[in-house]
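Working notes for the structure below.
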Amino acid sequence: MSTLILALAAGAVVGLALGALGGGGSVLAVPALIYLLGFTPAAATTAALVIVTATSLTALYAHARTGNVRWKAGALFAAAGLLPAAAAGAAAARLPQTLLTSAFAAVAALAAVRMLRPGRSAGGRTTTVRPAKAAGAGAGLGALTGLLGVGGGFLAVPALASVLAFEMQAAVGTSLLVISANSVASLATRGATTAGIDWALVGPFAGAAILAAWDGKRLAAKVTGTLLRRVFAVVLLAVAAFMLLDALT
């Protein structure tokens, strides 16, 4: 019963992050699955993709209802990442567990540093899509999703805000489209690895995350984006440090 409670609590935190920030859910989901619920790194990355896919689609619907999704730019961004996500997902199963954990910790730390740095204002709303830059950033995020089981939203949001000059609300909403597409593509190459997943824990985890995503969307409307990013960045730094120490010892 205690393990089930941990799964529900972790799912709620993941859902809040995805709903409020448009990313970051899987960066918390993977370490929670490994250190709280006893999953192996390989199983955790696959389970995280299942959880993040379901939660991202829910959060995407919530943001789409308020007009915060740029479908054309998001589709281009996501399409560029589909093949890299599938290829990296197939390669992930053949990599050492320690390497996956260390790489994940490094990515989490990078995301935290980016969140703590002051962002540049886009200076207003834009409808211009820069195909080359969007495709390049999308391909990189796709590869990251497939390899580490992360949706890439914590990098997609700043990329959409800076590369495509989206305002924060549109970047958050559109990133959920990118996360959903990349996660589905990566899951398609991991069919064999889902057999070892404990669905009795992943199911409640995903359910709690889906419900909390709606609360995250409401939270984002009440709390400043800067405060949310700073709090999340501090949590990410702590998680990254713990995972890196664990991988090296």
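Worth knowing before you read on, the calculation uses all heavy atoms, side chains too, and leaves out hydrogens, waters and symmetry mates.
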- A88 to A143 - nearest heavy-atom pair and separation: CB-O, 3.3 Å
- When clusters are formed by joining ILVMFWY residues with side-chain heavy atoms under 4.5 Å apart, either directly or through shared neighbours, do V113 and F242 land in the same one? no
- Considering non-hydrogen atoms only, spot the tightest contact between T45 and V30 and give its length. CA-CG2, 4.3 Å
- Query: Say you draw a straight line from CD1 of I210 to OG1 of T55; how long is it, rounded to the nearest 0.5 Å?
  - Reply: 5.0 Å
- Message: Applying a strict under-4.5 Å side-chain criterion to I, L, V, M, F, W and Y, I'd like to know whether L16 and L211 cluster together.
- Response: no
- Message: Hydrophobic clusters here meaning ILVMFWY residues chained together by side-chain heavy-atom distances under 4.5 Å, can you tell me if V52 and L37 are in one?
- Response: yes
- Note on the structure: In this structure, OG of S183 is separated from CG of L49 (nearest 0.5 Å) by 5.0 Å
- Item | All side-chain hydrogen bond (donor to acceptor under 3.5 Å, both in side chains) counterparts of T98, not counting sequence neighbours | none
- Enter the distance from L177:CG to L57:CG here, rounded to the nearest 0.5 Å. 9.5 Å
- Message: Can you give me the closest heavy-atom contact between A12 and A212, atom names plus distance?
- Response: O-CB, 3.2 Å
- Item | Closest contact, heavy atoms only, A48 versus A29 | CB-CB, 4.2 Å
- Message: Tell me every residue that passes side-chain contact (heavy atoms from CB on, under 4.5 Å) with L8, counting only those two or more places apart in sequence or in another chain.
- Response: L4, P204, A208
- Message: Assigning hydrophobic clusters by single linkage (Ile, Leu, Val, Met, Phe, Trp, Tyr; side-chain heavy-atom cutoff under 4.5 Å), is V14 placed with Y61?
- Response: no
- Note on the structure: When rounded to the nearest 0.5 Å, the distance separating OG1 of T174 from CD1 of I179 is 10.5 Å
- Item | Donor-acceptor under 3.5 Å (S56 side chain, L176 main chain) | no
- Query: Distance-only, no hydrogens or angles: does the S175 side chain make a donor-acceptor pair with backbone N or O of V172 under 3.5 Å?
  - Reply: yes
- Query: Can you tell me how far CD1 of I51 sits from CZ of F205, rounded to the nearest 0.5 angstrom?
  - Reply: 4.5 Å
- Task: Find out if a path of hydrophobic residues (ILVMFWY) with successive side-chain heavy-atom gaps under 4.5 Å connects V178 to V184.
- Result: no
- Message: Determine whether I34 and T40 satisfy the following criterion, side chain to side chain contact (heavy atoms under 4.5 Å, CB included), listing intermediate values before the conclusion.
- Response: CA-CA 6 Å; I34 294 173; T40 65; over 6 Å; no
- Pairwise distance CG(L33) to OG1(T46) - rounded to 0.5 angstrom: 10.5 Å
- Message: Is it the case that over 12 heavy atoms from other parts of the model lie below 6.0 angstrom from the CG atom of L83?
- Response: no
- Task: With sequence neighbours left out, write down each residue that passes side-chain contact (heavy atoms from CB on, under 4.5 Å) with L237, or none if nothing qualifies.
- Result: A112, L116
